2 protein chains.
Amino acid sequence: MSTTSRRRLSTAEERRETVLATAIGAFAARGYFGTSTVDVAKRAGISQAYVYRLFPDKETLFVAVVAHCFARVRAALEAGAARADGSSPEAVLSAMGLAYAELIRDRDLLLVQLHGQAAAVSEPAVREGMRAGYARLVEYVRGASGGSDAEVQRFFAVGTLCHLVVSLGADEVDAPWTRTLNEGIRHP
Amino acid sequence: MSTTSRRRLSTAEERRETVLATAIGAFAARGYFGTSTVDVAKRAGISQAYVYRLFPDKETLFVAVVAHCFARVRAALEAGAARADGSSPEAVLSAMGLAYAELIRDRDLLLVQLHGQAAAVSEPAVREGMRAGYARLVEYVRGASGGSDAEVQRFFAVGTLCHLVVSLGADEVDAPWTRTLNEGIRHP
DNA sequence: GCCATGAGTGATTGAATACTCACATGTCCA
DNA sequence: TGGACATGTGAGTATTCAATCACTCATGGC
C-alpha cells in the first residue's frame, strides 16, 4: 500500500502544518514571550522535543505562525474583493473590510497580529516578518482596490482599531466609550 | 534638619515613582512577559528584592506603569487642547493630535500602551487597567473636543495606526507601503 | 544616647523554560 | 525480508525567573 492513507505517522510537512495551525491558539493568548514551547506541543498533540525537530527554534516557529496568519488574511481579502459589488475603490475596500470582519470572528488570527507587533519591538526576526507581511498586504490592498493612499491608510487604521477593541474585549462591554470605538465597525 | 534634602535614603513613595518612571523603558522593550523584575530593578538602581517591597507583585507593577503612561498621555492631550487654535472639534482634535505626536517622540510611552494591549488578552488585571485608561481617555477627548462619535473614533484609529508604525519601525523604512501608512501622520 | 521604625539588600527557593540527545518505532524500497 | 531512513519521544541540562526571608543600616523622636 503505497498510499498515504494507511500511514500512522504523518510526514514532517503535514506535522509542520498542524503545528502552525494549532500554535495560533497558543500564541494568540499570551504572545511570543508568554507562550512556552510545551504549550505549543500540547496543542499540536506531539512531544516538546518534536517541536524542535520541525522548527529550529521558538523564534522561527513564531515567525512562521505570523506568516501563516498573514497568508490567511490575504486570502480572505482576496475572496472578499472577488465578491465586491462594483469595482470602485470604495466598493472593493468595503467588501474587503466585510471579509476581514468575517475572518476575525475567530479572534485568534487578529491577536497573533497584535502579538507579532509587540514582539517585533525587540526581536529583529519578528520585525522582519511583520514588515514583510504588512508590505505585501498594503500593496495588495492598494492594487486590488485602486484606492488612494488616504483610503488605504484609513483601511489599515480601522484594522488596528479592531486590534484594540478585541484585545480589550471592548466589544463585550456596553459603555459610551466602547460604543464610540465600535461604531460602524462590524465584528459580530 | 527635618528637611528631606539631606536624606540619603529615599522615602518609599519617592522610590516607587522612580521605579514607575524607569520601568517604562524596561516594559517598553519586551512587554509584560518578556521583562524580568531583575531588569526593572537594575534600571531603577535598586535590588530586585526591593521591587517586591514597593509593589506586591509584577502584575501590579505593570498595571501601575500602564496607568502612569495613561496619565502622561492624558496630560499631554490636555496641554495640547489648551493650545488649540479655536474651539471647533476639528481644531481641538488636531491640536491634541499634534500634542500626542510630540509626546511620543519618546517611543516608550506608546510601546507600553501596545504591550498593555497585548498583556490585556490574558491578564485580567491588565485588561481592567487598560479598559479604565481608555475609558477615561475616550471620554476626555469627546468632552474636550465636542467631536462626534465618528471624529473621536477616527482620532483613536489614527493613534492605533501609530502603534503599528512605531512597533515595526516603519517610520525608519522608506518604501511605498510605509509611505502610505505614514502619510499625513506626524512623528518626527 | 537609645531604640522603634522604615529603607534597603544578599542569598535562596522552587518552578518554568528553551533546547539537546540518546534511543525507539514505523515506513518503504531493493 | 532486511535494512536505510524518517517519525517520534523520555529524560534530561543549564538557565532564568518571580517571590520570600532573614538580615543590616539609616533616621528621627525622646
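Convention: sequence-line order gives letters A, B, ...; per-chain numbering from 1. What you see is a predicted model; the values in this text were computed from it and never measured.
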**Request:** Please lay out, stage by stage, how A:Arg142 and A:Glu151 fare under the test salt bridge (charged side-chain N to carboxylate O under 4.0 Å, His left out).
**Result:** CA-CA 9 Å; A:Arg142 190 212 311 289; A:Glu151 284 171 315; over 6 Å; no
**Request:** Flag the pair B:Phe70 / B:Tyr134 as yes when their ring centroid distance falls below 6.0 Å, and as no otherwise.
**Result:**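 Yes, the ring of B:Phe70 comes within the 6.0 Å limit of the ring of B:Tyr134, centre to centre.
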**Message:** Within the 4.0 Å heavy-atom criterion, would you say B:Ala49 contacts the bases, only the backbone, or no part of the nucleic acid?
**Reply:**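 Here B:Ala49 touches the bases of the nucleic acid.
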Give the rounded distance in Å between these two atoms: [atom1] of [X] and [atom2] of [N].
| X | N | atom1 | atom2 | result |
| --- | --- | --- | --- | --- |
| A:Phe27 | C:dT17 | CZ | C1' | 13 Å |
| B:Phe55 | C:dA7 | CZ | P | 13 Å |
| A:Leu54 | C:dC19 | CG | C1' | 14 Å |
| A:Ile46 | D:dA6 | CD1 | C1' | 15 Å |
| A:Arg30 | C:dT17 | CZ | C1' | 13 Å |
| B:Asp39 | D:dT16 | CG | P | 13 Å |

**Prompt:** Do the side-chain N or O atoms of B:Arg15 get closer than 4.0 angstrom to the phosphate oxygens (OP1, OP2) of C:dA7?
**Reply:**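 For B:Arg15, the contact criterion (side-chain N or O under 4.0 Å from OP1 or OP2 of C:dA7) is not met.
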**Asked** Taking everything shown except A:Arg154 itself, do over 12 heavy atoms lie less than 6.0 Å from its CZ?
**Response**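 For A:Arg154, atom CZ is not crowded (no more than 12 foreign heavy atoms under 6.0 Å).
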**Prompt:** A:Val112 and A:Leu137: same hydrophobic cluster, using ILVMFWY side-chain contacts below 4.5 Å?
**Reply:**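 In one cluster: yes.
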Check: protein-nucleotides 17-19 of chain D nitrogen or oxygen pairs below 3.5 Å:
from	atom 1	to	atom 2	distance (Å)
D:dA18	OP1	B:Thr35	O	3.3
D:dA18	OP1	B:Lys58	NZ	2.7
D:dA18	OP2	B:Thr37	N	2.7
D:dA18	OP2	B:Thr37	OG1	3.0
D:dA18	N7	B:Gln48	NE2	3.3
D:dA19	OP2	B:Tyr52	OH	2.8
D:dA19	OP2	B:Lys58	N	3.0
D:dA19	N7	B:Gln48	NE2	3.2
D:dA19	N6	B:Gln48	OE1	2.7

**Request:** Given side chain to side chain donor-acceptor pair (under 3.5 Å), test B:Thr37 with B:Gln48 step by step and report yes or no.
**Result:** CA-CA 6 Å; B:Thr37 56; B:Gln48 185 231 12; 2.9 Å; yes
**Asked** Within 45° of the axis and under 6.0 Å from the centre of the six-membered ring of B:Tyr140, does NZ or CZ of B:Arg74 qualify?
**Response**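 Checked: cation-pi criterion met.
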**DNA chain C: 5'-proximal contact among A:Arg53 and B:Tyr50 (nearest heavy atom)** =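 The residue mapped nearer the 5' terminus is B:Tyr50.
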